[in-house]
Amino acid sequence: MTNGKPGSASEEEPLRGTLYGIGVGPGDPELLTLKAARILGEVPVIAVPTSYSDAGSMAMEVIAPLLEERKRSHRSPEIVSLLFPMTRDETVLREARMRNGELLLGALSRGDVAFVALGDILFYSTFGNLLTGLFALRSPVPVEVVPGVTSYSAAAGRLVEPLVQGSERLAVLPAVYDPSEIEEVLERFEVVVLMKINKVFASVRDILERKNLLDRSAFVSMVGRPEERVSRTLDELAPGSVPYMSLLVVRKNGWLK
Ligand SMILES: C[S@@+](CC[C@H](N)C(=O)[O-])C[C@H]1O[C@@H](n2cnc3c(N)ncnc32)[C@H](O)[C@@H]1O
């Protein structure tokens, strides 16, 4: 047992494995890269984030066909759940980071570990948080990254619209709590992607209406999954019905169609 601080027992154990950070894409198993599929077909341990948002279970659903295949050939990996509490309490967050870091170091002392997350693994992903905890406990740790298709690339694909072209500039914002910030970004960029909009949907919609941008805004949720929804009419969306896995694409220069 270790105390989760630098210098703890796990620091002394030799690491036999590499940590693979694997972006599994936005939800469609066919958007998993060949490299991701190869590594996930081989590693002895797959680590998955758990939190209130279901993102971890969605990542597991993406790789379910691959896990089925491994089960059929009696090569099922060990699945390790890593908890990422949704809080701003720094003590709770630090404890979780250290606990996750300890769990990973334990697994890495036995062999390779693949950590999976939706979309791209370094784009608003729990993987960054995981590395912070891991490197606080031990450095260097062998890490390899397998990029994934981001949700906004997949969304543009479903809209069949260029995201940006020519001299257009793109801004991507996470949940924005200060409306003036969105307004300022909408002034400066031709294309704006708004992520994590579920809790702020009503106020964002009001801003877009005020700026006459409603018909230049598209909503995409659960892209690549059976529950996928694509809408160019924000009016038909009740704020309470907007899932966490939703985003808006605003194209000030308008759509092709
Ligand atoms: C924690 S971020 C993860 C981003 C992810 N790493 C990526 O590359 O897209 C979660 C946000 O990504 C967006 N998102 C992720 N998957 C999505 C999907 N399948 N459909 C629509 N939006 C998605 C939503 O805006 C969601 O609130």
Side-chain angles (χ1 to χ4, degrees), residues 20-33 35-36 47-64 82-88 93 96-97 100 114-132 145-161 163-164 170-177 181-182 185 191-205 208 217-232 234 237 239-250:
Y20 294 94
I22 299 194
V24 300
D28 177 351
E30 289 192 339
L31 290 182
L32 197 66
T33 63
K35 186 163 189 169
V48 56
T50 57
S51 70
Y52 89 100
S53 71
D54 287 343
S57 56
M58 281 174 60
M60 288 302 277
E61 283 173 38
V62 175
I63 65 169
L82 301 179
L83 183 65
F84 291 85
M86 301 301 282
T87 172
R88 291 177 186 215
L93 289 172
R97 271 199 301 273
N100 289 338
F115 177 82
V116 291
L118 277 184
D120 180 66
I121 193 76
L122 292 174
F123 184 77
Y124 294 125
S125 172
T126 42
F127 191 56
N129 184 296
L130 191 68
L131 290 182
T132 306
V145 165
V146 181
V149 175
T150 64
S151 51
Y152 69 84
S153 301
R158 296 303 285 149
L159 290 163
V160 195
E161 294 281 352
L163 195 58
V164 270
L170 170 71
V172 182
L173 300 182
V176 183
Y177 299 102
E181 207 178 322
I182 300 184
V185 171
V191 184
V192 178
V193 172
L194 296 159
M195 319 268 299
K196 305 183 186 180
I197 48 163
N198 56 323
K199 290 192 183 148
V200 292
F201 182 75
S203 58
V204 170
R205 194 203 162 283
L208 294 170
S217 305
F219 169 90
V220 183
S221 68
M222 299 287 196
V223 62
R225 292 177 52 94
E227 326 85 295
E228 176 183 286
R229 188 164 180 193
V230 178
S231 170
R232 298 203 190 202
L234 303 196
L237 297 162
S241 71
V242 173
Y244 174 70
M245 294 301 169
S246 307
L247 56 82
L248 285 171
V249 180
V250 186

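Both ligands and their constituent atoms are indexed starting at 1 by order of listing. Values below: every heavy atom of this structure, side chains too, minus hydrogens, waters and symmetry copies. Note that the structure is a prediction, hence the values are computed from the model and not measured.
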Any nitrogen or oxygen of [X], side chain or backbone, less than 3.5 Å from one on ligand 1?
X	answer
M195	no
K196	yes
S151	yes
L247	no
S246	yes

In the protein, what heavy atom is nearest to [atom], and what distance, to one decimal place, separates them?
atom	value
atom 6 (N) of ligand 1	F123 O, 2.7 Å
atom 19 (N) of ligand 1	P26 O, 2.8 Å
atom 16 (N) of ligand 1	M245 SD, 3.5 Å
atom 20 (N) of ligand 1	V223 N, 2.9 Å

Check each heavy atom of [X] against ligand 1 and say whether those closer than 4.0 Å belong to the side chain, the backbone, both or neither.
X	answer
M222	backbone
Y244	both
P174	neither
I197	neither

Ligand 1 contacted by G27 (non-hydrogen, < 4.0 Å) =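 In this structure, G27 fails to qualify as a contact of ligand 1 - no heavy atom is under 4.0 Å.
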
With atom 8 (O) of ligand 1 as the reference point, say which of D120, V62, L122 has the nearest heavy atom.
->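 Ranked by closest heavy atom to atom 8 (O) of ligand 1, first place is D120.
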
Kindly compute the distance separating CD1 (I63) from CE (M58), expressed to the nearest 0.5 Å.
->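 One gets 13.5 Å once the value is rounded to the nearest 0.5 Å.
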
Report the distance from atom CE of M245 to atom CZ of R225, rounding to the nearest 0.5 Å.
->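 If we round to the nearest 0.5 Å, M245:CE and R225:CZ are 8.5 Å apart.
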
Return yes when atom CZ of R229 has more than 12 non-hydrogen atoms of other residues, nucleotides or ligands closer than 6.0 Å, and no otherwise.
->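 Yes.
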
Just wondering, are more than 12 heavy atoms of other shown residues or ligands nearer than 6.0 Å to CD in E227?
->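 For E227, atom CD is crowded (more than 12 foreign heavy atoms under 6.0 Å).
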
Contact check, side chains of S217 and V250, non-hydrogen atoms, under 4.5 Å |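 Yes, close enough: below the 4.5 Å cut-off.
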
Find out whether M195 and F123 are in side-chain contact, i.e. whether some heavy atom of one side chain is under 4.5 Å from a heavy atom of the other.
->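 The answer is yes; the side chains approach within 4.5 Å.
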
Assign the ring pair F115 / F127 to parallel, tilted or perpendicular, where the plane angle (0 to 90°) is split at 30° and 60°.
->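 Parallel, since the angle between the ring planes stays under 30°.
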
Which of the atoms in ligand 1, numbered in the order shown and given with their element, are less than 4.0 Å from a heavy-atom of Y124?
->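 Counting from 1, the qualifying ligand atoms are 1 (C), 2 (S), 3 (C), 4 (C).
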
Numbered atoms of ligand 1 (with element) below 4.0 Å of V220, judged on heavy atoms |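 Contacts of ligand 1 toward V220, numbered from 1: 21 (C).
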
Mind running side chain to side chain contact (heavy atoms under 4.5 Å, CB included) on Y152 and V220 for me, showing each step along the way?
-> CA-CA 9 Å; Y152 69 84; V220 183; over 6 Å; no

Which of these passes side chain to side chain contact (heavy atoms under 4.5 Å, CB included) with F219: V249, L194, V242?
->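 With F219 as partner, V249, L194, V242 yield a single side chain to side chain contact (heavy atoms under 4.5 Å, CB included), made by V242.
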
Work out which heavy atom in A218 is nearest to a heavy atom in L159; give both atom names and the distance.
->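 A218 and L159 have their closest heavy atoms at CB-CD2, 3.7 Å.
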
Evaluate the side chain to side chain contact (heavy atoms under 4.5 Å, CB included) criterion for residues T126 and L82: first the C-alpha distance (whole Å), next the side-chain angles of each, then the deciding distance (0.1 Å), finally the verdict.
-> CA-CA 10 Å; T126 42; L82 301 179; over 6 Å; no

